[in-house]
Amino acid sequence: MGGLFSALRLGARSLAAHQAAIQITGQNIANANTEGYTRQRVHLSAATPNSLPEGFVGNGVEVQRIERAIDTFVQEQLQREDAKFGSLEEQEVALRRVSSALNELSDADLSSAFDKFFDALQQVASRPEDAAPRRAFVESGKALAQRFQYLSGQFDDIRRDLNSEVSTTVSGINTLATEIADLNQQILRGEFSGPPPREANDLRDQRDLALRNLSELVEIKRFEQTDGTVNVSIDGEYLVVRNTVNSLSTTSSTDRGITILNPVFSSNQSPVVLRGGRLEGLVTARDTKIGGYIDTLNDLAGRFASEFNKVHSVGTGLTGLSSVTATKGLLLTTTTLSGVGLAYPPVHGQFDLHVRNKLSGAVTVTTIPVDLDGIGADTTLTTLSSAIGAAANVSSSIDSNGKLTVSADSSNFDFAFRNDSSGILSALGLNTFFEGTDARTFDVTSLVDGDVGKVAAALSFDVGDNTNALALLAQRDATNFAGGTTALDAQYQGFIGTVSVDAAQTKDLLDNERAIRTRLENEREIVSGVNVDEEVVNLIAYQRAFQGSARFIAVVDDLLDTIVNGL
Amino acid sequence: MRVTSRYLSNTLLLDHDRQMERMTRLQTQIATGHAFSRPEESPVAAGAVLRLQNDLSRGEQFTRNLRDGKTQLQLSDASLADVQDAAIRAKGLILSQVDGGADAGTREATAEEVEQMIQELVSIGNRKVEGRYLFSGHPTKTAPFTRDGNGVTYTGDRGQIKLEISEGVNEQVNVTGVDAFGALSSQVSGYVDLNPAMDSATLLSNLRAGAGVQVGKIRITDGLGGDSTVDLTTARTVGDVITRIGAASVGVTASVFNSGGATSLRLTKAGANLTVTEVDGGSTASHLGILQTAAGATLTGTDRDPRLTEETAVTALDNGTGVSLAGGLTVTNGSLSGTISLAGATTVRDLLFSVESAGLGLEGRISDDAKKINLVSRVSGASLRIAENTGTTAAELGVLSLHGATTLSSLNQGDGVAPVSGTDFTITTRNGTLVSVDLSSSQSTLTDVVTAINAAAAAAGVGATLVASVNNTGANGLRIVDTTALAGTTTVADFEGSPVAQQLGILKSTTTGTIQGDDVNPVRPVNIFQVLEDFHDALLVGDTDTMDKAGLQLDTVLSDLLSSRANVGARVQRLEFTEVRTEDQAIRTQQTLSERWDVDLTRAITELNMQQVAFQGLLQSMGVTMQSSLLNYL
């Protein structure tokens with residue numbers, strides 16, 4: 001049987017143990033609202049008893065270990081869902097901005113602009129000889145152009161913003177990676193400085209939080225090492241190995257007219273393969289989603305302009321043309337026209353040049369071949385110009401910007417183009433209504449804006465002829481899109497459908513993800529969260545034990561006093 | 001289960017956010033009246049809304065066009081009704097003037113009235129609506145009818161003005177002077193197939209009388225082991241076909257071959273046995289006329305019959321031998337007359353333009369079958385005659401108003417020639433020989449008449465000195481040349497009241513030996529202007545026959561007018577029908593749109609109330625659970 005001093009030590013040990021327990025309870029209560037904090041538990045156990053002949057006599061209590069109440073499985077799931085959530089949230093925000101820019105279902109959308117444009121064209125067909133409906137038509141064309149330019153600009157802006165987010169996110173990833181490496185270092189040092197097993201709980205909490213934050217930015221894999229450190233990789237490439245960081249940076253390239261940043265590993269400049277996380281969401285929204293929308297919008301604008309121009313270029317306005325300059329200049333004037341990089345290239349064919357003597361009304365027709373069959377010498381801008389110039393009473397020249405100008409030789413002559421089977425007039429922008437080959441450059445030509453009489457409603461030199469206006473109207477239903485299967489309205493509606501389905505799907509997935517994340521957070525809470533009431537109960541229990549131990553010491557002290565002073 | 005305060009707040013916040021979103025959405029629905037205001041809220045319904053909105057807006061455009069078109073047609077019809085009124089009045093006047101009761105005084109007064117009427121009709125023809133001439137065709141800013149001593153000239157065209165009245169359907173909404181007044185109702189119809197030859201510039205779409213060529217691939221085998229598939233998909237012209245065949249590795253030369261009135265493609269390769277076949281079941285070779293087997297070294301296709309177009313070269317006409325234009329045409333159109341020089345024309349367009357710009361009231365056009373040339377008179381009230389100037393231009397172009405093949409029944413404006421049984425007329429030669437000519441129904445053309453006269457002369461023993469022919473130089477008509485070597489008179493005389501000599505335009509006598517008959521086949525438009533001009537002129541000279549005739553023609557004019565009005569009426573009805581249908585459609589579309597897009601306000605408000613109650617409950621429970629703590633009780 002141990003002595004009273006032994007009992008005194010027992011009391012002191014109990015006091016110390018409960019003081020520790022109270023401290024941890026205090027720590028738990030203090031961190032009840034700390035993000036990433038894991039409830040800690042004090043494991044008390046009876047101290048190794050003394051073996052006496054009568055039997056074992058207890059030695060009181062001691063703190064066996066302080067551990068985190070953590071479910072690593074939930075933790076890993078959370079990390080995965082964080083990556084999905086981050087990606088979806090970035091995409092959802094970007095798509096919402098796209099949808100706002102399109103502003104569809106309102107009166108200020110592209111489909112309304114198209115409606116107004118064709119409505120104004122109907123009015124021109126109704127009264128081709130009047131200037132007023134022609135002016136209104138040209139203005140509606142400009143409104144349509146502005147709408148295209150606005151959308152293109154908005155899409156570019158959204159992509160630029162996404163781009164700067166890419167850059168911010170990459171530095172965020174680097175910061176977190178560095179933090180994780182530092183924590184690895186601290187944990188390694190901390191856990192190895194004393195007798196194992198003990199874990200640096202708060203440091204590990206901090207590291208877990210950093211890992212979750214990192215997961216939200218980019219999908220990662222964590223590899224727990226036996227020494228307590230964690231290695232992190234992005235699609236197989238290590239980002240953090242113990243206390244070293246393979247940091248990310250960006251390289252820039254040009255995509256659809258703007259400079260974009262692509263994440264790479266600094267060490268070898270190899271591109272980062274993104275599977276999830278905000279960074280993936282940003283890049284997907286920027287390149288795949290909005291990039292795709294821009295392609296569709298550009299095709300819509302460019303092809304519409306090209307096809308509309310094919311019809312317009314062979315018509316005649318209130319008067320014939322006295323001079324017309326191409327809107328598109330070619331740098332390669334002696335290269336075959338099919339190989340000069342025109343966005344909507346001409347094909348083998350021909351067109352007619354009608355030159356009218358205004359005094360007599362006599363019309364001379366010259367057929368200008370556009371030989372692009374690849375057999376023998378094909379037509380170049382230079383040979384085209386000479387072929388036009390060879391017609392009587394007109395001349396043709398190419399200026400320093402490679403723009404073709406066709407002019408009547410005197411004010412007694414004017415001219416018109418007809419029957420263009422090659423599409424060269426539209427491709428070069430001769431007597432066209434629109435210019436530009438994509439949404440950004442789409443505009444009404446200065447030819448018709450400067451003189452609304454040049455709106456080519458006629459297929460003759462008669463002012464009341466609206467034949468070409470009707471042909472222009474028919475462009476609305478012409479299946480010019482999707483490889484000649486889809487008409488304008490259906491193509492545009494399809495585009496809006498794609499955008500809205502993308503946005504709706506992303507939002508649904510995000511809502512879903514948010515619920516999943518909340519559920520997992522709650523599961524984590526069930527295990528790791530701090531319930532203040534529970535802690536208070538614990539606190540009271542520990543308090544009572546502490547008080548009891550103190551009382552025990554007082555009793556032992558009395559006993560000692562009795563022995564020392566009473567004997 | 002352990003429930004921590006963060007667990008509670010997480011759950012409550014998620015519920016709170018969802019509830020707020022629901023309520024915001026309901027509030028937006030109530031404020032806008034729409035079930036959704038952004039497409040992504042309901043992509044499928046939004047797609048439908050976009051389509052329906054599109055339909056609605058197009059429907060509005062069509063409705064406006066329908067109304068505009070209807071107004072224009074109704075105004076035109078009102079003018080036609082005025083013309084009809086005038087025609088009926090004119091009919092009354094004619095009846096009153098051919099009666100016995102009329103005398104020189106009443107005729108003069110009536111002539112004055114008819115004159116007024118013509119002027120009134122010209123002003124109806126020149127009616128304008130909102131600054132546009134109703135009846136001018138395409139040149140809407142130019143008055144279509146002008147009147148001078150020669151008659152009423154139509155300077156408008158046949159231009160149809162159409163408006164889009166439903167998707168892809170254009171309806172004509174104007175009535176031209178041609179439709180309303182028969183302003184271009186008669187023409188010298190070309191009678192010669194100008195049969196153009198192909199050249200390398202000929203468009204494939206013009207071949208096969210305009211049916212064109214379906215371009216695809218063809219396969220050429222030379223029988224010597226060589227073969228090539230030639231892709232003609234991008235070929236537009238005959239020249240393109242020739243180039244592509246020439247470029248093929250099989251080494252065949254292609255060219256255009258004109259012979260015997262046929263214009264065809266010809267392929268040659270020395271020593272070969274050429275075969276052309278279709279590729280992939282196409283019809284290109286067949287359309288090009290070269291689908292042949294084992295044709296030898298030269299494969300000559302079949303006639304490709306290109307259409308006559310304005311761009312056809314004069315040299316390509318008549319199977320490539322061309323038409324001699326040096327002679328020109330002599331034209332008389334009422335008081336207008338002159339020679340049209342065609343010498344500078346290189347294309348059919350130039351030729352037609354020369355005709356139109358000669359100031360002789362002519363329109364030149366290619367016939368509907370795209371083989372011939374028609375010359376149309378623009379002047380109502382004048383007679384058009386076209387003869388040779390010198391040479392054979394008019395005959396080669398087939399535009400003589402009277403020629404050997406002209407049928408007797410068409411002469412004198414369709415009155416024809418009415419032979420009696422027995423001798424119809426006699427010709428007395430300079431030496432007094434009497435030639436009796438008997439025509440019967442077996443003579444159907446002027447050439448037949450010429451043959452009959454020459455036979456009669458031969459029978460009378462003067463076959464060598466009295467020769468009849470059809471003359472076209474300077475003026476058209478039968479010509480009888482008496483070369484008897486004696487001075488004297490050659491006379492054509494009626495025989496016992498037969499009208500034939502008169503009807504053939506040869507009731508004449510001469511001492512020059514040459515009787516030049518009249519052109520008894522002039523072209524005269526049949527329309528209200530022409531009838532009134534004739535009537536007016538007849539009144540001034542008291543010619544009751546012409547008045548009678550005018551009366552009869554007026555019946556034709558009236559029935560033409562009626563059918564014009566019926567046509568306009570039918571078009572107005574069609575527009576009205578379409579308008580009603582378009583409006584019905586618009587209402588239905590509006591309904592569907594409303595079903596798809598509009599929010600049921602009662603339901604939305606009720607639901608909002610319910611959500612509000614739920615929201616309040618949520619807030620309350622948040623308040624209660626968040627506040628309770630053990631600490632309150634210690």
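Quick note: numbers below take in every heavy atom, side chains included, and nothing from hydrogens, waters or symmetry partners. Numbers restart at 1 for each chain; the letters A, B, ... are given by sequence-line order, proteins then strands.
The shortest non-hydrogen separation linking B:G168 to A:D477 is N-OD2, 4.1 Å. Between B:T234 and A:H348 the shortest heavy-atom distance is O-CD2, 3.3 Å. Shown here for B:E40 and A:A503, the closest heavy-atom pair between the two residues is CB-CB, 3.4 Å. When every heavy atom of B:H138 is checked against every heavy atom of A:S460, the shortest pair comes out as ND1-OG, 4.4 Å. The two residues A:V537 and B:L630 have their closest heavy-atom pair at CG2-CD2, 3.6 Å. In this structure, B:R236 and A:V347 approach most closely via the heavy-atom pair NH2-CG2, 3.5 Å.
Side chains of A:V536 and B:L631 form a contact here, defined as non-hydrogen atoms less than 4.5 Å apart. Side-chain contact check for B:S629 versus A:V532: every heavy-atom pair is 4.5 Å or farther apart. Side-chain contact check for A:K507 versus B:E41: every heavy-atom pair is 4.5 Å or farther apart. Side chains of A:D462 and B:T142 form no contact here, defined as non-hydrogen atoms less than 4.5 Å apart. Annotation: side chain of B:V3 is not in contact with side chain of A:I526 (no heavy-atom distance under 4.5 Å). Contact annotation: the side chain of B:F353 approaches that of A:S360 to within less than 4.5 Å [non-hydrogen atoms, C-beta and beyond].
For B:R18, the part lying near chain A is the side chain, with the backbone staying farther off; criterion is any non-hydrogen pair under 4.5 Å. Only the side chain of B:E21 comes within contact range of chain A, with heavy atoms under 4.5 Å apart. Within the 4.5 angstrom heavy-atom criterion, only side-chain atoms of B:R349, from C-beta onward, approach chain A. Within the 4.5 angstrom heavy-atom criterion, only side-chain atoms of B:T237, from C-beta onward, approach chain A. Contacts of B:D350 with chain A are made by side-chain atoms alone, with heavy-atom separations under 4.5 Å and no backbone atom involved. No part of B:Y133 comes within reach of chain A, as not one of its non-hydrogen atoms sits under 4.5 angstrom from that chain. Of the atoms belonging to A:V363, heavy atoms from both backbone and side chain fall under 4.5 Å from chain B. Residue contact with chain A, scored on non-hydrogen atoms closer than 4.5 Å, involves the backbone and the side chain of B:R244 alike. For a residue to count as touching a neighbouring chain, one of its non-hydrogen atoms must lie under 4.5 Å from one of that chain's; by this rule B:E311 touches chain A with the side chain only. Of the two parts of B:L13, neither the backbone nor the side chain holds a non-hydrogen atom closer than 4.5 Å to a non-hydrogen atom of chain A. Of the atoms belonging to B:N174, not a single heavy atom falls under 4.5 Å from chain A. Looking at B:I161, both its backbone and its side chain come within 4.5 Å of chain A, counting heavy atoms on both sides.
With respect to A:E129 and B:K141, no salt bridge is recorded, no charged nitrogen being found less than 4.0 Å from a carboxylate O. We find that B:R2 and A:E534 are joined by a salt bridge, their nearest charged nitrogen and carboxylate oxygen being less than 4.0 Å apart. Remark: A:D119 engages B:R64 in a salt bridge, criterion side-chain N to carboxylate O under 4.0 Å.
The CG atom of B:N65 sits 4.5 Å away from the CD atom of A:Q122 when rounded to the nearest 0.5 Å. Taken to the nearest 0.5 Å, the OG1 atom of B:T140 stands 9.5 Å off from the CG atom of A:D465. Atom CD1 of residue B:I245 and atom CD1 of residue A:I375 lie 10.5 Å apart, to the nearest 0.5 angstrom. Between the CD atom of B:Q61 and the OG atom of A:S126 there is a distance of 11.0 Å, given to the nearest 0.5 Å. Put simply, CZ on A:R519 and OG1 on B:T11 are 12.0 Å apart, with the number rounded to the nearest 0.5 Å. Between the CD atom of A:E523 and the OH atom of B:Y7 there is a distance of 8.0 Å, given to the nearest 0.5 Å.
Counting heavy-atom pairs closer than 4.5 Å to chain A, the top-ranked of the candidates B:Q53, B:E310, B:E356, B:R132 is B:R132. Heavy-atom pairs under 4.5 Å with chain A peak, among B:E164, B:R58, B:E167, B:R51, at B:R58.
Here the side chain of A:D489 pairs no donor or acceptor atom with the backbone of B:N54 at under 3.5 angstrom.
A side-chain contact (heavy atoms from CB on, under 4.5 Å) with B:P39 is found for exactly one of A:V499, A:V501, A:L105, namely A:L105.
A donor-acceptor pair shorter than 3.5 Å can be found between the side chains of A:S100 and B:R38.
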